[in-house]
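The sequence lines fix the lettering, A, B, ..., with proteins before strands; numbering per chain opens at 1.
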Amino acid sequence: MKVLVPVKRVIDYNVKVRVKADQSGVDLANVKMSMNPFDEIAVEEAVRLKEKGKVTEVVAVSIGPQQASETLRTALAMGADRGLLVKADGPVEPLAVAKILKAIVDAEKPDLVIAGKQAIDDDSNQVGQMLAALLGWGQGTFAHSLELDGASAKIAREIDGGLQTVTVKLPAVMTTDLRLNQPRYASLPNIMKAKKKPIAEKTPADYGVDTAPRLKVLKVSEPPRRGAGVKVASVAELLDRLKDAGVMP
Amino acid sequence: MTSLVIAEHDNALLKDATHKTVTAAAAISSPVHVLVAGKGCAAVAQAAAKIAGVEKVLLADAPYLEKMLAEPMEALILSVADGYEAILAPATTTGKNYLPRVAAKLDVPQVSEILKVVSPDTFERPIYAGNAIETVQASAGKKVITVRTTAFAAAAEGASAAVESVTVPPDPGLSGFAGEELSKSERPELTSAKIVISGGRGLGSAENFHLLDSIADKLHAAVGASRAAVDAGYVPNDYQVGQTGKVVAPDLYLAVGISGAIQHLAGMKDSRVIAAINKDEEAPIFQVADYGLVADLFKALPELDEELARRGYK
Ligand SMILES: Cc1cc2nc3c(=O)[nH]c(=O)nc-3n(C[C@H](O)[C@H](O)[C@H](O)COP(=O)(O)OP(=O)(O)OC[C@H]3O[C@@H](n4cnc5c(N)ncnc54)[C@H](O)[C@@H]3O)c2cc1C
């Protein structure tokens, strides 16, 4: 069984994002970039399935600039077998990402695609679901746990009310939530080994996908700022203040 | 031109996320139709028919729609999509699950979690955990949109729209419901409570988390948590407030033993008043808190509980 894991290069989650003064976007110059945290969870899950003998090959795919090959190297160091870089400069919208991934799935024929539930840059939460729809596959989003059993996957999902378990026919798409696993750090020997693993390079045109944005970004602005308030000296003072603010029942 | 709102409900009760989504829909394209999909959900359709601004309710009743799973929802929404200018769902875990499938099949981009309708084709939405707000224009094709419900007022009730049953396409048979573990609570729901009290890693254990209970009861508050508290197993996943959990905007948000990471702030910084209890006076939460108490929570929480009792809160 083969698993495909899409990984995105995004601004590191620890970086404080700054909006550019001309409102054209956020400042990404000299900013630390990393693999999207939900995608790390996806790679980890795929590699664990391989270690358990349930999966024979893990293919990592990244759609992005040349530097996204570093993100693929991270996936390879974590245990993925080979990488595929689809080179695209500038933002690629979720629908175009899903179309490229569909073409890759058609060629690679994985039994399962494990994607992150959202990228922490555009916070769209769309690609996995769009890919499943384009393929006509079932999906298990926001996965909390996964059990593979022959022709289907049993996926517990983190939903607003708690947990919901679905059984999904394979092939299928799963998207990861935070509790699925704790991703490993790649060891030095594995980082060295990853340097020898193959990364193929393609372009969106190779898959016949037009990545021109369909949504027009008119501007990117700062959210309203909240100022720091006051420190109170005691619980009693806190309650007095909250009462004065009109928020006590 | 008409817009279509997909109702959020549990087959018995209509959720007010629907009313809020109707408000967003009406700003894009009126009149508004509401699609109620579920099993034995006729009462929900009747409730939706009362929302002001709703002209018609479509009722889709089938056993395999009971949990609104993504694959049959996609088939259903596509079967009624013709003629709608915009299709909207609340950005709940249910809406986020099925709606991107619809957008993909219609070959249009989805605009996720809108905060504001600037004009019928232009929307504001948060990116980078709400550290930036993007204004996007969706010009061609149908608009497919999820709505951050805390950003919109609930549409009033008082209308009496017609309810019309629709033919439900067959179950695609790709997935099936296999069970659920729902958090049971007598308290208000996190996303609609007027007061939310959240605990973080500072609480230290599942047992200690109960220190929040009697305070929450006295204030009729919902209880939330940081990711660290959920990861540590103090509380279930549905308590998580933040970028990748629930977004809340109550009148009062009280953060206890929470440092204030950007991912947490993303889920609560639009609260009217924020109060925080933390023993570290440098904790980032104090940069957004209107009222900050630097204290050990194990001392402050029992005091708070007593002080509330003294002031007559039961
Ligand atoms: C992809 C991704 C998504 C994420 N999504 C979310 C999300 O949706 N929501 C979220 O919350 N986080 C999210 N996080 C995690 C976030 O980055 C922080 O790690 C998390 O919010 C920290 O939780 P915390 O404040 O409870 O813990 P900590 O940061 O450890 O803070 C604990 C606080 O408790 C205080 N404290 C300790 N003991 C006491 C005491 N006795 N009395 C008073 N105060 C005390 C400490 O001073 C400290 O400030 C996400 C992270 C990633 C990478």
Practice task
Could you verify whether a donor N or O on one side chain and an acceptor N or O on the other, from A:T141 and A:R157, lie under 3.5 Å apart?
Solution key: yes
Practice task
Side chain from CB out, backbone as N, CA, C, O: work out which of these in B:Q243 comes under 4.5 Å of a heavy atom of chain A, or both, or neither.
Solution key: both
Practice task
Heavy-atom distances under 4.5 Å only: say whether A:Q126 touches chain B with side chain, backbone, both or neither.
Solution key: both
Handout entry: Non-hydrogen side-chain atoms of A:L148 and A:L146 separated by less than 4.5 Å
Key = yes
Exercise for the section: Measure A:P94 against the heavy atoms of chain B and call it side chain, backbone, both or neither at under 4.5 Å. Expected result: neither
Exercise for the section: Go through the atoms of B:K67 and report whether side chain, backbone, both or neither lie under 4.5 Å from a heavy atom of chain A. Expected result: both
Problem - For chain B, the option from A:L134, A:D121, A:V19, A:I155 that forms the most heavy-atom pairs under 4.5 Å - result: A:D121
Handout entry: Check against side chain to side chain contact (heavy atoms under 4.5 Å, CB included), B:Q287 and B:L265
Key = CA-CA 10 Å; B:Q287 290 165 21; B:L265 301 185; over 6 Å; no
Problem - Side chain / backbone / both / neither for B:K246 at chain A, heavy atoms under 4.5 Å - result: side chain
Problem - Residue A:L131 versus chain B: region with a heavy atom under 4.5 Å - result: neither
Exercise for the section: Would you mind reporting whether A:P6 and A:D39 have side-chain heavy atoms less than 4.5 Å apart? Expected result: no
Completion exercise
With chain B, the option among A:A133, A:G227, A:G229 that has the most non-hydrogen atom pairs under 4.5 Å is A:A133
Fill in the blank from the handout: When the 4.5 angstrom heavy-atom criterion is applied to A:Q139 and chain B, the contacting part is both
Practice task
With a 4.5 angstrom heavy-atom cut-off, could you sort out which part of B:Y313 is near chain A: side chain, backbone, both or neither?
Solution key: side chain
Exercise for the section: Return the option, out of A:A228, A:G161, A:G128, A:A119, with the maximum number of heavy-atom pairs under 4.5 Å with chain B. Expected result: A:G161
Practice task
Please state whether the side chain, the backbone, both or neither of A:Y13 comes within less than 4.5 Å of a heavy atom of chain B.
Solution key: both
Exercise for the section: Kindly indicate whether a cation-pi arrangement holds for A:K99 with A:Y207, taking the cut-offs as under 6.0 Å to the six-membered ring centre and within 45° of the axis. Expected result: no
Exercise for the section: Nearest 0.5 Å please: distance from the CD atom of A:E158 over to the OG1 atom of A:T176. Expected result: 10.0 Å
Handout entry: Region of A:A172 in contact with chain B, defined by heavy-atom distances below 4.5 Å
Key = neither
Exercise for the section: Could you tell me which portion of A:V232 (side chain, backbone, both or neither) has an atom closer than 4.5 angstrom to a non-hydrogen atom of chain B? Expected result: both
Problem - Side chain, backbone, both or neither of A:V173 within contact of chain B (heavy atoms, under 4.5 Å) - result: neither
Practice task
Examine whether an atom of A:V26 lies under 4.5 Å from a heavy atom of chain B, and if so say whether it belongs to the side chain, the backbone or both; otherwise answer neither.
Solution key: side chain
Practice task
With rounding to the nearest 0.5 Å, note down the distance linking CD1 in A:I120 to OG in A:S34.
Solution key: 8.0 Å
Exercise for the section: Pick whichever of A:Q118, A:K154, A:E222, A:H144 has the most heavy-atom pairs under 4.5 Å with chain B. Expected result: A:Q118
Practice task
Would you mind checking if B:D107 and A:R214 are paired as a salt bridge, meaning a charged N to carboxylate O distance below 4.0 Å?
Solution key: yes
Exercise for the section: Select one option (side chain, backbone, both, neither) describing which atoms of A:R179 are under 4.5 Å from chain B's heavy atoms. Expected result: side chain
Handout entry: Nearest-0.5 Å distance that lies between atom CG in A:L4 and atom CG in A:L101
Key = 7.0 Å
Problem - Nearest-0.5 Å distance that lies between atom CG in A:L95 and atom CE in A:M130 - result: 5.0 Å
Completion exercise
Okay, B:L182 and chain A: the region with an atom under 4.5 Å from a heavy atom over there is both
Completion exercise
Interface check, chain A: of B:I274, B:V118, B:D290, B:T122, most non-hydrogen pairs under 4.5 Å belong to B:D290
Practice task
Go through the atoms of B:L293 and report whether side chain, backbone, both or neither lie under 4.5 Å from a heavy atom of chain A.
Solution key: both
Practice task
Using non-hydrogen atoms and a 4.5 Å limit, figure out which bit of B:P236 sits close to chain A: side chain, backbone, both or neither.
Solution key: neither
Handout entry: Donor-acceptor contact below 3.5 Å, side chain B:Y291 vs main chain B:V273
Key = no
Practice task
Heavy-atom distances under 4.5 Å only: say whether A:L238 touches chain B with side chain, backbone, both or neither.
Solution key: side chain
Completion exercise
If you tally heavy-atom pairs under 4.5 Å between each of A:V168, A:L239, A:V127, A:D122 and chain B, the highest tally belongs to A:L239
Handout entry: Proximity breakdown for B:R125 and chain A, heavy-atom pairs closer than 4.5 Å
Key = side chain
Practice task
Supply the atom-to-atom distance A:N181 CG to A:E40 CD, rounded to the nearest 0.5 angstrom.
Solution key: 10.0 Å
Problem - Options B:G292, B:P172, B:S175, ranked by heavy-atom pairs under 4.5 Å with chain A, top entry - result: B:G292
Practice task
Tell me, for B:E306 versus chain A, whether the close heavy atoms (under 4.5 Å) come from the side chain, the backbone, both or neither.
Solution key: neither
Exercise for the section: Examine whether an atom of A:A98 lies under 4.5 Å from a heavy atom of chain B, and if so say whether it belongs to the side chain, the backbone or both; otherwise answer neither. Expected result: neither
Practice task
Check for a donor-acceptor pair, side chain of A:D111 on one end and backbone N or O of A:K2 on the other, with a separation under 3.5 Å.
Solution key: yes
Problem - From CA spacing to verdict: side chain to side chain contact (heavy atoms under 4.5 Å, CB included), A:K117, B:K96 - result: CA-CA 10 Å; A:K117 78 163 178 179; B:K96 288 172 179 175; over 6 Å; no
Handout entry: Distance-only donor-acceptor check, side chains B:Q137 and B:S139, under 3.5 Å
Key = no
Practice task
Identify which of B:N237, B:I127, B:N131 forms the greatest number of heavy-atom pairs closer than 4.5 Å to chain A.
Solution key: B:N237
Handout entry: Best-contacting candidate, A:V220, A:I11, A:N14, A:T175, against chain B by heavy atom pairs under 4.5 angstrom
Key = A:V220
Handout entry: Interchain contact, B:T191 with chain A, by part (heavy-atom threshold 4.5 Å)
Key = neither
Exercise for the section: Below 4.5 Å from any heavy atom of chain A, which atoms of B:L301 appear? Answer side chain, backbone, both or neither. Expected result: neither
Exercise for the section: Tell me, yes or no, whether the heavy-atom count around A:Q67 atom CD, taken from other residues, nucleotides or ligands under 6.0 Å, exceeds 12. Expected result: yes
Problem - Contact origin within B:A289 toward chain A - heavy atom pairs under 4.5 Å - result: backbone
Exercise for the section: Kindly determine whether B:E124 and B:T135 satisfy side chain to side chain contact (heavy atoms under 4.5 Å, CB included), including the steps that lead there. Expected result: CA-CA 4 Å; B:E124 283 183 8; B:T135 304; 3.8 Å; yes
Fill in the blank from the handout: If one checks every heavy atom of A:S152 against chain B at 4.5 Å, the contacting part turns out to be neither
Fill in the blank from the handout: Bottom line for B:Q240: the part with an atom under 4.5 Å from chain A's heavy atoms is side chain
Fill in the blank from the handout: Across all chains, not counting sequence neighbours, the side-chain hydrogen bond (donor to acceptor under 3.5 Å, both in side chains) partners of B:R227 are B:D231
Problem - Gap separating the CG atom of A:L180 from the CZ atom of A:F38, nearest 0.5 angstrom - result: 11.0 Å
Practice task
Before giving the answer on side chain to side chain contact (heavy atoms under 4.5 Å, CB included), spell out for A:V97 and A:K8 the whole-Å C-alpha distance, their side-chain angles and the decisive distance to 0.1 Å.
Solution key: CA-CA 10 Å; A:V97 170; A:K8 185 177 186 184; over 6 Å; no
Practice task
Pick one of side chain, backbone, both or neither for B:E71, based on which atoms fall under 4.5 Å of a heavy atom in chain A.
Solution key: side chain
